[in-house]
Undergrad: 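Just passing along the structure, written as structure tokens.
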Amino acid sequence: MPKVVVVYLSTSGNTKAMAEAIVEGVKERNVEGHAVNFHEARIEDLQDADAIALGSSTFYYKMLPPMEKFIESLAKANVKAKVGAAFGSYGWSGEAPVMIAEKMREIGINVIDPVLRLQYQPTDKDLEECKRLGKDIANKIKPAKKEKM
Ligand SMILES: Cc1cc2nc3c(=O)[nH]c(=O)nc-3n(C[C@H](O)[C@H](O)[C@H](O)COP(=O)(O)O)c2cc1C
């Protein structure tokens with residue numbers, strides 16, 4: 001059964017809310033999905049997944065440093081050719097998701113374009129966008145039989 005793992009790093013819960021809504025979207029397509037706080041994420045779970053979404057808020061024009069380290073450790077694991085997505089909440093410049101996507105592509109993950117960036121606390125409409133991304137990810141990893149959009 002295909003599986004999506006969504007790893008997030010969030011200081012005040014905004015990116016976490018995005019991660020949880022992405023997983024809701026994944027599940028609405030009847031695909032297994034888990035949102036995991038970065039501190040609890042295990043590389044083996046990502047190796048087992050068919051798709052990986054990584055999210056961090058933007059701090060000082062970058063992703064949060066532990067996420068950068070995490071992606072570096074992913075580079076040593078075999079996660080090539082998986083489906084990927086990058087996301088994150090931001091305040092005014094929002095570089096983190098773009099940088100996450102770049103790093104994921106460098107290690108061979110097929111990242112969905114565009115990345116998902118939302119300003120501050122997600123609104124209900126924003127959360128719908130997150131769910132949409134979750135559905136898109138699920139559709140990409142589902143076997144041939146596609147559900148209606
Ligand atoms: C110390 C600090 C630095 C920040 N630096 C940036 C920044 O460089 N660019 C930006 O877009 N947002 C910046 N932000 C805003 C956060 O990205 C924003 O509050 C975001 O919603 C936090 O999401 P989180 O709860 O998932 O961590 C900064 C916030 C703080 C507190």
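Owing to the predicted nature of the structure, the values given are computational and were not obtained by experimental measurement. We count ligands from 1, going down the list as the structure has it; atoms in each ligand are counted the same way.
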Undergrad: Can you work out which protein residues put a heavy atom within less than 4.0 Å of ligand 1?
TA: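 If the criterion is a heavy atom under 4.0 Å, then ligand 1 touches S10, T11, S12, G13, N14, T15, S57, T58, F59, Y60, Y61, S89, Y90, G91, W92, S93, G94, Y120.
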Undergrad: Do M18 and L116 have side chains that get closer than 4.5 Å, going by heavy atoms?
TA: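 They are in side-chain contact.
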Undergrad: Output the distance between atom OG (S57) and atom OH (Y8), rounded to the nearest 0.5 Å.
TA: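 Going from OG on S57 over to OH on Y8, the span is 12.0 Å.
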Undergrad: Once rounded to the nearest 0.5 Å, what's the spacing between atom CG of L54 and atom CG of L74?
TA: 6.5 Å
Undergrad: Listed by chain and number, what are the side-chain contact (heavy atoms from CB on, under 4.5 Å) partners of K27, not counting sequence neighbours?
TA: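 Per chain and number, K27 pairs via side-chain contact (heavy atoms from CB on, under 4.5 Å) with V23.
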Undergrad: Which pairs, with at least one residue in residues 33-49 and sequence neighbours excluded, count as a side chain to side chain donor-acceptor pair (under 3.5 Å)?
TA: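 Every pair satisfying side chain to side chain donor-acceptor pair (under 3.5 Å) with a residue in residues 33-49: E32-H34, R42-D45.
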Undergrad: Residues in side chain to side chain donor-acceptor pair (under 3.5 Å) with S12, at least two apart?
TA: none
